[in-house]
Amino acid sequence: MSTSLESFTRTLLTRHGAVVEATGNGLDVITDPALAHALGLSEYARLVFTTREHTISETHVDYDAPLVERMGALVGGLGRVGVVSCDVPPPRPIDAAAEVERRITLLNGVARVREVEPAVALRLGVFMEYELLADVREGGLLCTWITPDTRSVPRMAGWPDLGRAPDLDAPVLSADGPDSAVSVPWTIALASARVSLTATVDGFLESLTRRRDRDARRLREYSIEIDRAIRAKLLRPGASDPVRRRERDRLEATWQSYRSRLADLADRYRLRVRLVPIGVVACLVPGYRIRVRLMRRTTTSEVVFAWNAIDGRLETRGCDGCDTPTPQAWLCDDRVHYLCDACFAACAQCGKPFCRACHRACPRKTCAIRT
């Protein structure tokens, strides 16, 4: 996490005219008075990004630091969309049928290539800040790439070099209006981001579950000990009726408290995921548009897949039901939608799969009557 934040800080400060030099544990920064005032720093500052103890002359930077909020004001003045120009290898000749066979797995249908044509397509790199919130907080930055025209997700890791100045001869993309070239299909971007976060969320959940189960076990053991002590008093020979009533009330109060504290425990360990878009990079990348016919029984549909010169492979297309990128798909019977497992799952009542892109609920009459 600190590496991403350190790289972002260095790039932003350099862009605003600061002199930034990497040290063994952070950055040495020299700024002009105006920038120093805007960031709340001295004109010479040492920024550290690790969790080790730091001296009074060093400024510790993490995602909760005031400096990050002040840098956000600088980012806000740069605009939300950038046009990036860099060297892209020309598309090599491809065997489209072989690419489709290798990269697409249809579980109940067939795909046939209809047409292949060279094309320069828009790719959007959507940068987001994520937070995983429970009893502890974990956060960071991620970038997910999408190709809006084909609703697909390219692999663009390590490219482009965003520090390079744009080529002034590059075509300008308008950012005005909902139908502009850089309008972001957020449903696809968010679906791709969720997939990118899967490993991070799984690791966070594993740790969260261990802590929750430990605290729940301790709470139960504590309540059982109190229960035993109260019952021992109830079973003591010669106990008067008022004493027994008081102990029974204590016994009931103990388990009411246990249930209430257990509900508080569940709420404290409830996972909340927060995604906030912070910027978009728009790239024009050459490649191929591959028109493919999807066939399911006697019904067909046509979709377009993308191949780009950075990926060097067919891009993963999004599910027609939920936009989640899926290389392995089902086809529905009615309109031959391209579906992930969840959007072609079986109905909970009748056990028959149905298409979530066609129907919000199971279309069978027997299921409709029950609901």
Side-chain angles (χ1 to χ4, degrees), residues 94-117 119 121-124 144-155 179 183-198 287-308 311 313-371:
I94 64 170
D95 183 342
E99 287 286 330
V100 168
E101 184 177 356
R102 183 163 50 245
R103 303 299 179 188
I104 302 174
T105 301
L106 297 181
L107 300 172
N108 63 343
V110 177
R112 293 286 183 266
V113 174
R114 297 284 295 166
E115 183 183 10
V116 182
E117 60 179 359
L122 179 71
R123 268 81 186 182
L124 300 180
T144 183
W145 287 89
I146 59 175
T147 305
D149 185 41
T150 54
R151 302 177 60 254
S152 57
V153 178
R155 297 182 309 162
D179 299 323
S183 293
V184 180
W186 291 109
T187 56
I188 302 175
L190 290 173
S192 178
R194 285 194 295 267
V195 173
S196 300
L197 278 176
T198 297
Y288 295 98
R289 288 170 52 90
I290 305 174
R291 190 173 299 278
V292 175
R293 174 170 291 177
L294 303 179
M295 295 179 284
R296 167 67 177 157
R297 296 179 177 171
T298 59
T299 310
T300 65
S301 68
E302 286 196 359
V303 297
V304 177
F305 287 85
W307 185 100
N308 73 69
D311 239 355
R313 63 187 294 176
L314 207 66
E315 297 176 359
T316 303
R317 192 174 188 276
C319 166
D320 288 334
C322 65
D323 292 315
T324 300
T326 177
Q328 177 176 286
W330 301 86
L331 302 180
C332 76
D333 293 337
D334 296 335
R335 300 176 62 184
V336 199
H337 282 123
Y338 186 88
L339 303 169
C340 67
D341 290 340
C343 289
F344 196 65
C347 171
Q349 296 185 27
C350 68
K352 302 287 188 179
F354 70 94
C355 172
R356 270 65 174 182
C358 292
H359 309 284
R360 298 183 64 182
C362 183
R364 293 175 179 82
K365 293 182 179 180
T366 53
C367 296
I369 292 173
R370 291 177 195 172
T371 57

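Sequence positions, counted from 1, serve as the residue numbers for this chain.
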Under the 3.5 angstrom rule, does the side chain of R291 hit a backbone N or O of E117 as a donor-acceptor pair? no
Say whether, by atom type as modelled, one donor and one acceptor occur between the side chain of R356 and the main chain of F354 under 3.5 angstrom. yes
Separation between CD (E99) and CZ (F305), nearest 0.5 Å, reads 12.0 Å
Given side chains that start at C-beta, do those of Y338 and I104 come closer than 4.5 Å, heavy atoms only? yes
Could you walk me through whether C362 and K352 pass the side-chain contact (heavy atoms from CB on, under 4.5 Å) check? CA-CA 9 Å; C362 183; K352 302 287 188 179; 5.8 Å; no
Considering residues at least two apart in sequence or located in another chain, which fulfil the salt bridge (charged side-chain N to carboxylate O under 4.0 Å, His left out) criterion with R360? none
Note: C367 and C347 closest approach over all heavy atoms is SG-SG, 3.7 Å
Out of R155, R123, R103, which residue meets the salt bridge (Lys or Arg N to Asp or Glu O under 4.0 Å) rule with E315? R123
Begin with the C-alpha distance, continue with both residues' side-chain angles, and end with the deciding distance and a verdict on side-chain contact (heavy atoms from CB on, under 4.5 Å) for D320 and R151. CA-CA 9 Å; D320 288 334; R151 302 177 60 254; 3.1 Å; yes
Do any N or O atoms from the side chain of S196 and from the backbone of S192 form a donor-acceptor pair under 3.5 angstrom? yes
Shortest non-hydrogen contact from C355 toward H337: SG-ND1, 3.5 Å
Angle class for the W330/F344 ring planes (parallel below 30°, perpendicular above 60°, tilted otherwise)? parallel
Quick check for you: to the nearest 0.5 Å, what is the distance between I146 atom CD1 and T316 atom OG1? 13.5 Å
Run the side-chain contact (heavy atoms from CB on, under 4.5 Å) test on V100 and L314 for me, step by step, so that the C-alpha distance in whole Å, both residues' side-chain angles and the decisive distance to 0.1 Å come before the verdict. CA-CA 7 Å; V100 168; L314 207 66; 4.2 Å; yes
Any idea which heavy atoms bring D311 and P154 closest together, and the distance? OD2-CA, 3.4 Å
Separation between CG (L107) and CD (Q328), nearest 0.5 Å, reads 4.5 Å
Assess whether atom CD of E101 is packed by more than 12 heavy atoms of other residues, nucleotides or ligands within 6.0 Å. no
Could you check whether any side-chain N or O of T300 sits under 3.5 Å from a backbone N or O of R296, counting only pairs where one atom can act as donor and the other as acceptor? no
Donor-acceptor pair, distance only, cut-off 3.5 Å: does the side chain of S301 make one with the backbone of V336? yes
Please report the interatomic distance CG(D323) to CD1(I188), rounded to the nearest 0.5 Å. 5.0 Å
Can you name the closest pair of heavy atoms from R364 and C350 and give their distance? CD-SG, 3.8 Å
Residues, nucleotides or ligands: over 12 heavy atoms within 6.0 Å of R102 CZ: yes
How close do G321 and L339 get, counting heavy atoms only, and between which atoms? N-CD2, 4.1 Å
Walk me through it: do T144 and V195 pass the test side-chain contact (heavy atoms from CB on, under 4.5 Å)? CA-CA 10 Å; T144 183; V195 173; over 6 Å; no
Are the side chains of T299 and L331 in touch, meaning some heavy atoms are under 4.5 Å apart? no
For the CD1 atom of I94 and the CD1 atom of I290, what is their distance to the nearest 0.5 Å? 4.0 Å
Identify the heavy atoms of D333 and R297 that sit nearest to each other, and give their distance. OD2-NH1, 3.7 Å
